[in-house]
Amino acid sequence: MVRPARYDILFEPVRIGPVTAKNRFYQVPHCNGMGRAYPSSMAAMRAVKAEGGWGVVCSEQCDIHHSGNHQREIRLWDAKDIPYLAKATDLIHEHGALAGVELAHNGAHVSNLESRTVPIAPSVEATRGIFPGTARAMDKGDIRAFRRWHREAALNARRAGFDIVYIYAGHDMTLPVNFLSRRRNQRTDEYGGSLENRARLLRELIEDTKEAVGDTCAVAVRFSVDELMGERGFTADGEGYDVVEMLAELPDLWDVNVSNFDNDGATARFTDEGYQEQYVKFVKSVTTKPVVGVGRFTSPDTMVSMIRGGTLDFIGAARPSIADPFLPRKIEEGRFDDIRECIGCNICVAYDRAGAPFRCTQNPTTGEEWRRGWHPEKIEVRTTNDTVLIAGAGPAGLEAARALGQRGYSVILADSNRELGGRVTRESRLPGLGTYARIRDWRLQQLRSMRNVQLLPGNEVTADLVREAECSLVAVATGAGWRRDGVGRHHLAPLAGLDRLPVFTPDDIMDGRLPAGKVVLFDDDHYYMATVLAERLVTEGCEVTFVTPESMVAAFTQYTAEQRRVGRRMLELCASVHTSTALSRTEAGTAHLACVYTGRETAVQADAVVLATSMVPRDGLYHELGQWTPEEMAQAGVRKVVRIGDCLGPGIIAAAVHSGHLFARTLDTGLTDWTPYRRENVELDWDQPFPAGSADAGVGV
Ligand code: ADP
Ligand code: SF4
């Protein structure tokens with residue numbers, strides 16, 4: 001396929017100081033939960049993006065010193081950290097991309113749980129890490145030492161093969177931005193007070209880095225131009241503007257966004273593609289240096305408009321590069337329909353925040369590149385003569401059919417519904433979840449071009465149909481249903497009194513069966529479902545009382561970086577919000593709520609209750625087939641029946657997609673006696689000497 005000429009601009013090389021990016025596709029720094037704990041996985045994940053055509057592939061933030069230590073991120077504390085980073089840069093270079101590293105010192109943002117070093121900050125400040133504590137104010141000696149660490153890390157970054165070295169002054173997290181911040185910097189010396197003084201450290205770091213490595217490496221600054229908190233923080237028409245204007249020509253590249261991370265990485269529920277343009281648009285008017293910005297860009301036309309409209313020089317992407325590492329290549333080759341668009345759900349962020357290697361709802365190969373050898377575009381051709389019947393075309397069934405089809409298997413995908421997509425189709429109609437339809441649409445688009453896959457919408461799979469289908473493998477992907485009895489994490493036994501007033505589940509509401517009047521909505525799921533139902537019900541005129549046993553609304557959404565927005569929306573929309581409270585029992589016209597600590601009950605008026613507690617597998621077909629004798633199996637020509645997705649273990653959509661993909665790769669989803677992937681093991685280094693000078697207190701940190 002040939003791409004239309006209007007996209008050519010995206011493939012122009014762009015100079016960044018002493019280096020040149022081959023095109024305008026720029027994978028900005030992003031965390032991944034792998035870092036130094038899973039260095040091979042991290043390196044392979046970055047390499048796949050380079051292979052997919054990104055002109056620049058950056059690391060996550062890279063700690064430069066033990067006084068600002070993250071638990072999982074990569075490090076350049078000293079030369080010992082070079083080898084695994086060099087592996088990543090080698091792999092990135094193999095595909096012609098530039099490798100960038102985001103040098104970071106997290107100041108008062110971390111608790112230094114590993115090093116136990118007292119955190120440092122511009123001024124005395126309570127730390128924002130997990131543990132209570134206080135960062136001490138840096139004196140001039142500390143500032144000099146910090147500059148030295150940063151310079152040394154830049155030199156080691158060059159030794160590790162990086163082409164772009166960042167000074168990370170973004171997201172309200174690191175020392176340079178905390179010095180810049182009026183809120184956080186209360187110093188009275190030449191590093192505090194006026195903006196010029198507060199910017200002194202950032203200016204010095206840029207100069208130091210240029211002096212150290214600037215002849216061969218580009219020096220980039222990552223800065224959040226607006227903190228979305230008005231005068232209390234940077235604004236694009238206030239100090240955010242002034243900082244860029246003041247330092248405009250010093251770095252080789254500006255990587256700009258909004259702060260804090262919850263704003264920069266906002267979900268699709270709350271922001272649209274290109275949502276940062278209004279904030280970062282000014283940057284190019286005050287600097288001649290190239291500018292990279294983000295905004296969950298997945299549309300080539302939007303990308304072109306960002307360049308032509310003078311907002312950006314580089315199309316920055318974190319999440320779109322995770323969901324589709326081959327996005328640039330697909331645009332280059334004019335394969336627009338093949339782009340697997342990010343849905344903006346932030347499950348990737350959630351895994352990282354939970355301390356695990358990240359996963360992606362759309363791209364089941366993310367994080368599996370090294371340990372399982374999974375590639376996002378390539379897959380092993382079929383190794384058996386199986387023909388496969390898949391019952392259920394939700395995310396699990398669709399992904400299984402797509403990947404099996406790609407392998408060359410002959411597949412029948414049947415769903416009792418006329419409309420395919422299962423939960424994804426249903427949930428995408430709920431407020432704010434429209435992008436979830438992309439999970440279905442991309443897969444259907446791929447499936448429709450496969451001659452070896454037959455789609456049978458409106459066909460319920462029964463045991464009889466399995467007998468007739470002449471398929472040797474059956475995958476039951478029939479999903480799960482929401483419980484109607486209140487059982488979930490809090491209640492392990494059914495709630496009393498549910499027969500005395502109308503009860504609704506999320507399935508009812510998605511099917512258009514709605515309550516009316518005063519509704520008590522009990523959320524024991526803690527993700528998006530209850531809160532989007534609340535939005536829907538309020539729109540329908542219901543008066544919603546929101547009840548959750550957690551101490552905050554939709555507690556899991558802390559991990560997806562949207563809890564504050566979700567919590568605020570519930571407080572704005574609902575008649576009342578009860579946290580640390582459970583629905584304890586119901587009777588006609590009344591719901592009783594109990595405090596989870598004291599058990600003390602309050603009665604509230606209720607015309608109906610909605611229970612978003614937990615799901616149970618829809619596995620009747622699987623168990624029916626499981627009762628077949630070996631003879632019946634042989635007669636039907638079936639050698640194996642498996643269940644996948646929510647039918648196996650109801651959970652998040654990403655888990656269902658993974659389950660379908662895993663089945664397609666292995667034709668099995670059962671537990672094995674061995675670990676089914678390569679593991680990264682820490683090497684014992686017992687005899688290493690203590691570092692020279694470790695007995696003295698050093699610079700006091
Ligand atoms: P998952 O998330 O595991 O993919 P979903 O609940 O999204 O599960 O999808 C399950 C799909 O299975 C739904 O579209 C449902 O209509 C379909 N389904 C349920 N039972 C059958 C059956 N016996 N035959 C065919 N399709 C079925
Ligand atoms: Fe996008 Fe969701 Fe994948 Fe993250 S997990 S990259 S937000 S689709």
Side-chain angles (χ1 to χ4, degrees), residues 30-32 265-269 296 298 317-325 327 340-352 358-367 376 389-401 412-428 435-436 438-440 442-443 456-466 469 474-482 507 510-511 559-562 615-622 624-625 643-661 663 669:
H30 69 71
C31 298
N32 50 79
T267 54
R269 184 172 170 189
R296 270 198 342 271
T298 55
R319 289 169 291 176
S321 76
I322 298 165
D324 196 341
L327 190 147
R340 193 171 43 230
E341 290 183 285
C342 167
I343 66 163
C345 64
N346 280 7
I347 279 300
C348 48
V349 179
Y351 271 90
D352 173 65
F358 74 178
R359 312 294 176 213
C360 171
T361 304
Q362 273 283 56
N363 175 9
T365 66
T366 305
L389 171 64
I390 302 172
L398 282 171
E399 175 59 19
I412 299 172
L413 175 62
D415 196 294
S416 37
N417 270 329
R418 295 204 150 276
E419 207 177 358
L420 302 180
R423 65 183 286 187
V424 161
T425 295
R426 288 146 59 86
E427 292 180 18
S428 67
T435 55
Y436 284 29
R438 294 175 176 182
I439 299 166
R440 171 200 65 203
W442 180 75
R443 289 173 174 79
L456 294 181
N459 271 279
E460 180 168 354
V461 178
T462 58
D464 283 342
L465 194 140
V466 174
V474 180
V476 183
T478 46
W482 286 88
D507 290 320
M510 286 188 277
D511 288 341
Y559 291 95
T560 54
E562 54 188 344
M615 293 189 279
V616 281
R618 220 178 278 122
D619 52 9
L621 175 65
Y622 173 78
E624 190 182 346
L625 298 178
R643 55 191 158 160
I644 59 175
D646 288 318
C647 178
L648 175 63
I652 58 174
I653 296 169
V657 172
H658 167 72
S659 176
H661 193 84
F663 167 65
T669 52

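These figures come from a predicted structure and were not determined experimentally. Order of appearance sets the numbers: ligands from 1, and atoms from 1 within every ligand.
- At least one N/O/S atom of C345, whether from backbone or side chain, sits less than 2.8 Å from atom 2 (Fe) of ligand 2.
- Minimum heavy-atom separation, R296 to A268: NH2-CA, 3.4 Å.
- Residue contact check: N417 has heavy atoms under 4.0 Å from atoms 16 (O) of ligand 1.
- When all heavy atoms are compared, the tightest approach of D415 to A393 is OD2-N, 2.7 Å.
- For ligand 2, the atoms closer than 4.0 angstrom to any heavy atom of G344 are 1 (Fe), 7 (S).
- Look at N459 and you'll find a heavy atom under 4.0 Å from some atom of ligand 1.
- For the pair P395 and ligand 1, the shortest N or O to N or O distance falls below 3.5 Å.
- Residues T425 and N417 form no side-chain contact, since every pair of their non-hydrogen atoms from C-beta on lies 4.5 Å or further apart.
- There is no side-chain donor-acceptor pair under 3.5 Å between R618 and T478.
- Regarding atom 17 (C) of ligand 1, its nearest protein heavy-atom neighbour is D415 OD2, 3.3 Å.
- Shown in contact with C348 at under 4.0 Å from a heavy atom are these atoms of ligand 2, numbered in order with element: 4 (Fe), 5 (S), 6 (S), 7 (S).
- When the options I343, N346, I322, T267 are ranked by their closest heavy atom to atom 7 (S) of ligand 2, first place goes to N346.
- Every atom of ligand 1 is numbered from 1 in the order shown, and the set under 4.0 Å from a heavy atom of A414 is 25 (C), 26 (N).
- Closest to atom 9 (O) of ligand 1 among all protein heavy atoms lies G394 CA, 3.5 Å.
- Given atom 8 (O) of ligand 1, the protein heavy atom at minimum distance is G479 CA, 3.2 Å.
- Nearest non-hydrogen protein atom to atom 10 (C) of ligand 1 is A477 O, 3.3 Å.
- Counting only heavy atoms of the protein, atom 1 (P) of ligand 1 lies nearest to D646 OD2, 3.4 Å.
- Residue-ligand proximity, A656 to ligand 1, at heavy-atom distances under 4.0 Å covers atoms 2 (O).
- An N or O contact shorter than 3.5 Å links V461 to ligand 1 by distance.
- Between T267 and E562, the side chains place a donor N or O and an acceptor N or O closer than 3.5 Å (distance only, hydrogens not considered).
- Smallest separation of non-hydrogen atoms from R438 and I343: CB-CG2, 3.8 Å.
- Heavy-atom proximity to G422, at under 4.0 Å, picks out these atoms of ligand 1: 7 (O), 9 (O), 13 (C), 14 (O).
- Remark: ligand 1 and I644 share no N or O pair separated by less than 3.5 Å (distance only, no angle test).
- For ligand 1 and G645, the ligand atoms under 4.0 Å from any heavy atom of the residue are 3 (O).
- Shortest non-hydrogen contact noted between C360 and A323 is SG-CA, 3.8 Å.
- Numbered from 1 in the order shown, with element, the atoms of ligand 2 that lie under 4.0 Å from a heavy atom of I347 read 5 (S).
- The closest protein non-hydrogen atom to atom 21 (C) of ligand 1 is T478 CG2, 3.3 Å.
- Counting protein heavy atoms only, atom 3 (Fe) of ligand 2 is closest to C360 SG, 2.3 Å.
- Annotation for I644 and G660: closest pair CD1-CA, 4.1 Å, computed over non-hydrogen atoms.
- Residues C647 and D619 meet the side-chain proximity criterion, which asks for heavy atoms closer than 4.5 Å.
- The shortest contact between atom 7 (O) of ligand 1 and any protein heavy atom is with R423 N, 2.7 Å.
- Atom 4 (O) of ligand 1 has its closest protein heavy atom at A396 N, 2.8 Å.
- Between G651 and D646 the shortest heavy-atom distance is N-OD1, 3.0 Å.
- A side chain to side chain donor-acceptor pair (under 3.5 Å) with Q362 holds for exactly one of E399, R340, R443; it is R443.
- Contact annotation for S416 and ligand 1: heavy atoms of both the backbone and the side chain come within less than 4.0 Å of the ligand.
- Contact annotation: for T462 versus ligand 1, there are no heavy atoms closer than 4.0 Å.
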